[in-house]
Amino acid sequence: MSSTVSRARSTHRWRTVDLVTAAVLGVAFGVVFWGWGVLYAVLTPVFTAVPFLQSLLSGVWLLPAVVAALVVRRPGAALLAELVAATVEALLGSHWGFGVLISGAIQGVGVELAFALFAWRAAGPVVAVLGGVLAAVLEGVYELFAYYAGTWTLGFQVVYVACFAVSGALIAGLGGWALVRALARTGALASFAAGREHRG
């Protein structure tokens, strides 16, 4: 029993390379977020006319959490990467301001929950998709209460969150998993289990 607990603790123990990698992923995606936010601002009239289009593209915001969780596989990796990304986005001048930190925390927690179900050991497309979906649903519900409370019918809100979940599954889940596989094959993830699993 004690040996099992000891192995679990060593599996979840952070290394310096884990911390640096999660932070670097957060910074890189933070820059991507800033550019994505600029595009969102430009497309605001389109999203106002067709709100579901906005939620179908929102999976991009969830990518750092999924990618960091797949690579680092430590409790807190998804949350750290997502919060760093949100901070960088805010510092670069997001039109949402530092409110993005709330969304970053919510999205990171969603992915953390999915990976916690598998004790951070499983890292295939199923857990990646589950992480993307949970993060998307939590963020979608938060957005409804924070930004659209009382403006849409219940049916409209359900469709909005459902579209967000589809985006989380496809863009963040499958997209994040495919990105990690591609990075692993370059040798960039040699220090991680993901690099050993997907090399060659």
Side-chain angles (χ1 to χ4, degrees), residues 10-39 56-89 91-92 94 100 103-136 139 164-200:
S10 65
T11 300
H12 295 158
R13 187 175 298 128
W14 280 72
R15 304 169 298 170
T16 302
V17 67
D18 299 327
L19 182 61
V20 170
T21 300
V24 167
L25 286 170
V27 171
F29 276 107
V31 175
V32 171
F33 281 4
W34 176 79
W36 194 237
V38 171
L39 178 60
L56 283 171
L57 296 175
S58 292
V60 172
W61 306 111
L62 317 175
L63 274 168
V66 173
V67 171
L70 287 170
V71 173
V72 177
R73 297 188 202 175
R74 300 286 189 276
L79 183 58
L80 173 61
E82 198 71 47
L83 283 174
V84 170
T87 301
V88 170
E89 178 189 8
L91 290 173
L92 288 175
S94 168
V100 294
S103 289
I106 291 169
Q107 294 159 11
V109 166
V111 175
E112 292 285 345
L113 288 173
F115 279 78
L117 290 173
F118 299 91
W120 287 273
R121 291 190 180 92
V126 172
V127 69
V129 167
L130 179 61
V133 169
L134 285 178
E139 175 63 17
F164 211 141
V166 169
S167 182
L170 298 179
I171 297 178
L174 292 180
W177 182 69
L179 177 59
V180 169
R181 280 173 56 90
L183 287 172
R185 288 172 177 170
T186 68
L189 304 180
S191 298
F192 302 93
R196 295 188 294 274
E197 291 168 359
H198 301 303
R199 66 187 174 192

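Sequential numbering from 1 along the given sequence is applied to the chain's residues. No hydrogens, no waters, no symmetry mates; every other heavy atom, side chains included, goes into these values.
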Identify the two heavy atoms, one from [X] and one from [Y], that lie closest to each other, and give their separation to 0.1 Å.
X    : Y    : answer
A65  : A78  : O-CB, 3.4 Å
P64  : A85  : CG-CB, 4.1 Å
A105 : L83  : N-CD2, 3.7 Å
S191 : V17  : CB-CG2, 4.4 Å
A81  : A68  : CB-CB, 3.5 Å
G168 : A136 : CA-CB, 4.1 Å

Does [Y] offer a backbone N or O that forms a donor-acceptor pair with the side chain of [X] under 3.5 Å?
X    : Y    : answer
T186 : L183 : yes
W34  : L92  : yes
W14  : P75  : yes
E112 : G76  : yes

Would you indicate whether the side-chain heavy atoms of [Y] and [X] approach each other to under 4.5 Å?
X    : Y    : result
V111 : L62  : no
L113 : L117 : no
F118 : R73  : no
V66  : V180 : no
F29  : V88  : no

Within this structure, what is the [atom1]-[atom2] distance for the pair [X] and [Y], rounded to the nearest 0.5 Å?
X    : Y    : atom1 : atom2 : value
R181 : L70  : CZ    : CG    : 11.5 Å
E89  : T87  : CD    : OG1   : 9.5 Å
L56  : I171 : CG    : CD1   : 8.0 Å

query = Where do W61 and V100 land on the side chain to side chain contact (heavy atoms under 4.5 Å, CB included) test, with the steps shown first?
reply = CA-CA 10 Å; W61 306 111; V100 294; over 6 Å; no
query = Who passes side chain to side chain donor-acceptor pair (under 3.5 Å) against S103, sequence neighbours left out?
reply = E139
query = Taking it one step at a time, do L80 and L19 satisfy side chain to side chain contact (heavy atoms under 4.5 Å, CB included)?
reply = CA-CA 9 Å; L80 173 61; L19 182 61; 3.7 Å; yes
